[in-house]
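This report concerns only the one structure given below.
Each ligand, and each atom within it, is numbered from 1 in the order the structure gives.
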Amino acid sequence: MSAIYHATDMSLNADPSGDGGPAVLVIEDEPGIVDFLQRGLTAEGFAVQSATDGAEGERRALAENFDAIVLDLMLPGRSGMEILTSLHHAKPGVPVIVLTARGDVSDRVAGLEAGAVDYLVKPFSLAELIARVRAQLRVAAQTSSPTTLRCADIEVDLLSRRVRRDGATVLLSTTEFELLVYLIRHAGRVLSREQILSAVWGYQHDPTTNVVDVYIGYLRRKLRRPDAPAPIFTVRAVGYRLGYAAS
Ligand code: CA
């Protein structure tokens with residue numbers, strides 16, 4: 001569907017839907033948008049359910065296990081804001097992405113304060129919605145299992161400090177381990193050398209040091225498999241990115 005957001009190579013920790021894709025509930029009363037979201041999300045591998053009434057949506061969101069909820073604010077039966085508030089109390093771990101025709105800053109702030117994790121103003125692109133849902137699923141997966149970090153086939157156990165790629169143990173030095181943890185916590189994002197330097201080595205940018213590049217090199221060599229290079233991409237003139245194809 002979108003060549004830009006091909007995030008299907010990012011593994012998620014949880015797959016409670018059990019039928020392949022993360023389970024998403026769409027609570028939206030406009031049939032055209034429901035249909036559009038149902039088709040688009042299904043095509044991207046999500047297991048989609050929908051509710052066109054606020055009361056029904058709230059009941060299902062509370063009673064069933066969804067990995068993420070896409071919620072319209074203007075709904076019959078029960079308002080999106082009321083649903084947001086009850087979900088935030090009952091199921092704080094489930095990310096809710098709010099959709100609304102109202103673009104007022106005050107509405108956005110109210111939605112975020114009531115527990116929405118992200119906000120899209122109509123009209124929105126499907127690619128953007130899917131990217132936001134995936135991003136929130138990754139955050140939720142990491143939060144629900146804080147001792148294990150995963151990106152694609154790389155797995156880091158923060159307690160035992162064990163690193164595995166595709167199931168095979170990778171032995172890292174302390175600094176290499178800290179570098180990988182930083183990259184994996186920010187998977188998919190471009191990180192500058194300065195950001196990496198201050199996060200991992202804890203000192204301000206010294207333009208003469210190439211320590212980041214040297215350690216990225218070590219990490220790439222250790223994470224490399226015969227059939228797969230390490231998924232650490234160089235972003236020219238900026239820095240590095242873990243977990244997405246090079247651009
Ligand atoms: Ca509506």
*Classify the angle between the aromatic ring planes of F124 and F36 as parallel (below 30°), tilted (30 to 60°) or perpendicular (above 60°).*
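Ring orientation of F124 relative to F36: tilted.
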*Are V214 and V200 in one and the same hydrophobic cluster, where Ile, Leu, Val, Met, Phe, Trp and Tyr link if side-chain heavy atoms are under 4.5 Å apart?*
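Looking at the clustering, V200 is in the same group as V214.
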*Would you tell me whether R220 and T234 have side-chain atoms, one donor and one acceptor, within less than 3.5 Å of each other?*
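Yes, a side-chain donor-acceptor pair sits under 3.5 Å.
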*So R134 and E44, salt bridge (Lys or Arg N to Asp or Glu O under 4.0 Å) or not? Walk me through it.*
CA-CA 10 Å; R134 286 207 170 110; E44 290 289 311; 3.4 Å; yes
*Can you check the number of protein N/O/S atoms within less than 3.0 Å of the Ca ion (ligand 1)?*
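The number of such protein atoms is 3.
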*Of I83, L120, L84, which meets side chain to side chain contact (heavy atoms under 4.5 Å, CB included) against V98?*
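That would be L84.
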*May I ask you to check whether W201 and Y182 place their ring centres under 6.0 Å from each other?*
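Between Y182 and W201, the centre distance exceeds or equals 6.0 Å.
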